[in-house]
Amino acid sequence: MGATAYLYDEIYMGHDTGWGHPERPERLRAIDDNLKSSKFYNDLMRVEKQIADYEYIELIHDKSYINRVKKDIESGYSNLDSMDTVICERSFEVALYAVGGSLKMCDCIINGDAENGFCVIRPPGHHAERDRAAGFCIFNNIAIAAKYLQSKHKIKKIAIIDWDVHHGNGTQHSFEKDNSIYYISLHQYPHYPGTGESNENGTGEGKGYTLNIPMKSGSGDQEYAQAFNEKILPELEKFQPEFILISAGFDAHRDDPLSSIYLSTDSYYHFTKSIKEIAKKYSNKRIIAFLEGGYNLDALADSSNIMMKAFVED
């Protein structure tokens, strides 16, 4: 059984979104507390936090945007670009650690210290655009990690599977002209942020390397399983990725307050197992999941646990 890596640190609690905000520090504590009850918790390989160098954030974001985020946070602003993206005095530091930890996880998997891993980090990332914050996201952790794997570790082909209930507009826009990174998203539609129609399939050289699967309100395990079996897995078989990244949002769970999709906890186990089969064939088993959404603490924690159960199993 290959090792599974785990990134979790108190530093990520320092991003204080205030009373009543769904993207709150308690999300991470719920995941970690739940995992502590599992038989495999003590066997997880711990990834140490690290702060990110600007040069890697600039693989995705404009330097002027990074500087603006820093300036606005230091100036005491309460929001970035929209009322959704709440910030506090430590948000810039924590966002740098979210990116840095993600890159440390990449290094661990590339070095063979583990086969797969889970970055339990915040703020999340997949809505963050090149030059603006969006949703609850400041820097696009998963997009930066993908470019880092290519630039630092010479990985050629990467698949990103985004099963968060919201479309990852920032990730799609980062790679829609790129045929070396295949972005696949299944998400409630219409829903925030309003992007992710099925006809959005890339442009230029990236045409055909974006796959959006809009899911109707009320969809559940059966509809998602059909999407995996009939669309996602065949496309991954054709693409043959050398590394797989997952935007692991758990807000499509039936108990989540921010969606109208009705997935069971067990569905995340089956998603992960099917992706592991692809990774076993083409990616040297290499997978990293990045926490995105999930706002019912019990559903979030149980779903994260069952994904990790799938990771640690042979």
Side-chain angles (χ1 to χ4, degrees), residues 1-2 4-6 31 34-35 37-41 44 114-120 126 142 159-168 182-189 211-241 243-256 259-283 285-296 298-314:
M1 182 166 63
T4 291
Y6 179 55
I31 292 171
N34 186 296
L35 284 173
S37 67
S38 64
K39 294 178 181 178
F40 56 78
Y41 183 78
L44 298 175
E115 290 179 352
N116 50 47
F118 185 21
C119 297
V120 182
H126 73 154
I142 195 168
I160 299 176
I161 295 100
D162 188 337
W163 68 48
D164 189 279
V165 81
H166 304 97
H167 179 247
Y182 197 154
Y183 177 69
I184 299 172
S185 175
L186 61 175
H187 47 272
Q188 183 177 332
Y189 189 88
L211 174 62
N212 281 303
I213 308 172
M215 306 300 288
K216 294 179 181 178
S217 175
S219 298
D221 290 6
Q222 183 176 345
E223 291 82 4
Y224 270 67
Q226 184 177 2
F228 263 85
N229 293 330
E230 296 180 5
K231 297 180 179 179
I232 295 174
L233 298 179
E235 286 300 305
L236 291 174
E237 289 279 359
K238 284 195 292 183
F239 185 61
Q240 300 184 10
F243 209 114
I244 298 176
L245 307 178
I246 302 171
S247 266
F250 299 101
D251 40 6
H253 193 283
R254 59 170 62 122
D255 293 334
D256 197 274
S259 76
S260 302
I261 300 294
Y262 293 96
L263 290 180
S264 67
T265 301
D266 286 346
S267 65
Y268 294 105
Y269 176 83
H270 299 300
F271 298 165
T272 309
K273 292 291 278 189
S274 64
I275 292 169
K276 276 187 72 177
E277 287 301 309
I278 297 291
K280 187 176 180 181
K281 290 173 73 172
Y282 304 114
S283 314
K285 302 183 179 179
R286 298 179 297 201
I287 308 171
I288 302 174
F290 300 76
L291 181 65
E292 301 284 3
Y295 307 104
N296 176 299
D298 291 336
L300 169 66
D302 289 342
S303 301
S304 296
N305 188 308
I306 206 161
M307 181 189 75
M308 289 291 274
K309 180 176 184 286
F311 270 166
V312 302
E313 289 177 350
D314 277 327

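For this chain, numbers begin at 1 and follow the sequence in order.
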When rounded to the nearest 0.5 Å, the distance separating CG of Leu263 from CZ of Phe271 is 4.5 Å
*Under the 3.5 angstrom rule, does the side chain of Lys231 hit a backbone N or O of Ile213 as a donor-acceptor pair?*
no
Checklist entry - Is there a donor-acceptor pair closer than 3.5 Å between any side-chain N or O of Asp251 and the backbone N or O of Asp256? => result no
So the salt bridge (charged side-chain N to carboxylate O under 4.0 Å, His left out) pairs with at least one residue in residues 213-223 (sequence neighbours excluded) are none
Tightest non-hydrogen contact, residues Gly117 and Thr4, listed as CA-CG2, 4.5 Å
For this session: Would you sort out whether Thr272 and Phe311 count as a side chain to side chain contact (heavy atoms under 4.5 Å, CB included), showing the intermediate values?
Result: CA-CA 7 Å; Thr272 309; Phe311 270 166; 3.6 Å; yes
Strictly below 4.0 Å, N to O, side chains only: are Lys309 and Glu313 in salt-bridge contact? yes
With sequence neighbours left out, the residues meeting side chain to side chain contact (heavy atoms under 4.5 Å, CB included) with Glu230 are Gln226
Side chain to side chain donor-acceptor pair (under 3.5 Å) filter on Asn34, not counting sequence neighbours, yields Asp302, Asn305
Between Tyr183 (side chain only) and Gly168 (backbone N and O only), is there a donor and an acceptor less than 3.5 Å apart? yes
Hits for side chain to side chain contact (heavy atoms under 4.5 Å, CB included) against Lys281, two or more places apart or cross-chain, chain-then-number order -> Glu237
Those residues at least two apart in sequence (or on a different chain) that pass salt bridge (Lys or Arg N to Asp or Glu O under 4.0 Å) with Lys238 are Glu235
Sorted by chain and number, sequence neighbours left out, side chain to side chain donor-acceptor pair (under 3.5 Å) with His126 holds for Asp162
Do Lys285 and Asn116 have side chains that approach each other closer than 4.5 Å (heavy atoms only, starting at C-beta)? no
